[in-house]
There are 2 protein chains.
Amino acid sequence: MKLTSKGRYAVMALVDLARFDTINPVSLRDISLRQGISLDYLEQIFSKLKKNHIVKSTRGTQGGYFLSKKPNEIKLTNILNAVDEKVKTVQCKKDSKKGCNGKATKCITHNLWDELETHINTFFEKKSLQDLLKNNSEWVN
Amino acid sequence: MKLTSKGRYAVMALVDLARFDTINPVSLRDISLRQGISLDYLEQIFSKLKKNHIVKSTRGTQGGYFLSKKPNEIKLTNILNAVDEKVKTVQCKKDSKKGCNGKATKCITHNLWDELETHINTFFEKKSLQDLLKNNSEWVN
DNA sequence: CTAAACTTGACCATTTTAGTCAGGTATGTA
DNA sequence: TACATACCTGACTAAAATGGTCAAGTTTAG
């Protein structure tokens, strides 16, 4: 199971973006300063977000990134998948030697982790960027 | 966030134990053979399980481990906590430099991860060893 | 034409994971 | 009492993941 700061950074950056991209595109430099995330690391993350059609970008002076959809259309699943936080709880295919190969002879706890995975993913599918914006609209930056 | 094979092994081993400790204590060697987990690794795991009063042991020939409570009294939270799988989603105290110190100026996504943590822990608090036994009673070993 | 911005990919230090290894200690049974 | 079978402890480590940095670009608005 993976759920690390890369995913957290991605979500933080996108919330930031959603709040500031209303007029002009937002530069990674600004996000970096506001959120305290390394610029170089942000570039890696946004490269993936762009490939997954979550953000678009404009180059040149005054360029930057903006959301490619409305905040309520961007679910957390989309974001986390984009940056490779798969939320996979088991990989039982490798150890075919004993028990679990995903078919007839599942390991004893296979179903459990499957359930958990569903449980977590449901959570992420319900939450959109919009939801996070609402919770934070009153906050000073 | 941590949720790795150590936790998975712990759960597997305990399900195995729950199925076979009805008459005699179960040796780690047997569990190791049945579940395909390294004996040395099992010893580490059971050391922690014992410290946390989830299992007890008898020494000597024919010795081994057995559950210290009934399967329905052992929740997955207990097991995972015992082997140090904390299921912590954020540690926002370290980076006091920017935003999140857990107090007034929480990072934008702080509430989100708190919610997720609760969501996952709820799942683990509901599930007991007994639940897993039921699901697997029909399986051949 | 050039500075500001995005883009790409290689690289790397540190930490965590998933164990192994070596050496114990305790105890039921013969 | 011997001894095999268990448990117990701590040091060690290869490999992978994490959380970045660094270097060298390309693009385009002004």
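Given the structure is predicted, the values throughout are model-derived calculations rather than measurements.
Annotation: of the two residues near DNA chain C, A/G63 and A/S47, the 5′-most nearest-nucleotide partner is A/G63.
For the pair A/D30 CG and C/dA5 P, the interatomic distance rounds to 8 Å; values are reported in whole Å. If you take CD of A/Q62 and P of D/dA29, they are 11 Å apart, rounded to a whole angstrom. For the pair A/R59 CZ and D/dG30 C1', the interatomic distance rounds to 17 Å; values are reported in whole Å. Separating the CD1 atom of A/I45 from the C1' atom of D/dG20 is a distance of 10 Å, rounded to the nearest angstrom. The distance from atom NZ of A/K48 to atom C1' of D/dG19 is 12 Å, rounded to the nearest whole Å. For the pair A/L39 CG and D/dG19 P, the interatomic distance rounds to 18 Å; values are reported in whole Å. One can place CG of B/L49 at 13 Å from P of D/dC7, the figure rounded to the nearest angstrom. Computed from coordinates, the B/N24 CG to C/dT27 C1' distance equals 16 Å when rounded to whole Å.
Side chains of A/K56 and A/Y65 form no contact here, defined as non-hydrogen atoms less than 4.5 Å apart.
Residue A/S5 has a polar side-chain atom (N or O) positioned under 4.0 Å from OP1 or OP2 of D/dG19. The side chain of B/T61 places no N or O atom within less than 4.0 Å of a non-bridging phosphate oxygen (OP1 or OP2) of D/dC3. Here A/Y41 does not reach the OP1 or OP2 of D/dC22: none of its side-chain N or O atoms lies under 4.0 Å away. Residue A/S57 places none of its side-chain N or O atoms closer than 4.0 Å to OP1 or OP2 of C/dA5. Here B/K50 does not reach the OP1 or OP2 of D/dC7: none of its side-chain N or O atoms lies under 4.0 Å away. Remark: A/S38 is in phosphate contact with D/dT21, judged by side-chain N or O atoms under 4.0 Å from OP1 or OP2.
For the side-chain contact (heavy atoms from CB on, under 4.5 Å) criterion with B/S32, the lone passing option out of B/D16, B/D40, B/L39, B/I37 is B/L39.
Under the 4.5 Å side-chain heavy-atom criterion for Ile, Leu, Val, Met, Phe, Trp and Tyr, A/F66 and A/V26 are members of distinct hydrophobic clusters.
Distance from the side chain of A/D40 is smallest to D/dC22 among D/dC22, D/dC7, D/dT26.
Between the base of D/dC8 and the side chain of B/E43 there is a donor-acceptor pair shorter than 3.5 Å. Residue-to-nucleotide contacts include a donor-acceptor pair under 3.5 Å from the side chain of A/Q44 to the base of D/dT21.
A donor-acceptor pair under 3.5 Å links the side-chain atoms of A/N78 to the main chain of A/K75, judged by distance alone. B/S27 places no side-chain N or O within 3.5 Å of a backbone atom of B/G64 that could act as its donor or acceptor partner.
At a threshold of 4.0 angstrom between heavy atoms, the contacts of A/Y65 are confined to the sugar-phosphate backbone, with no base atom among them.
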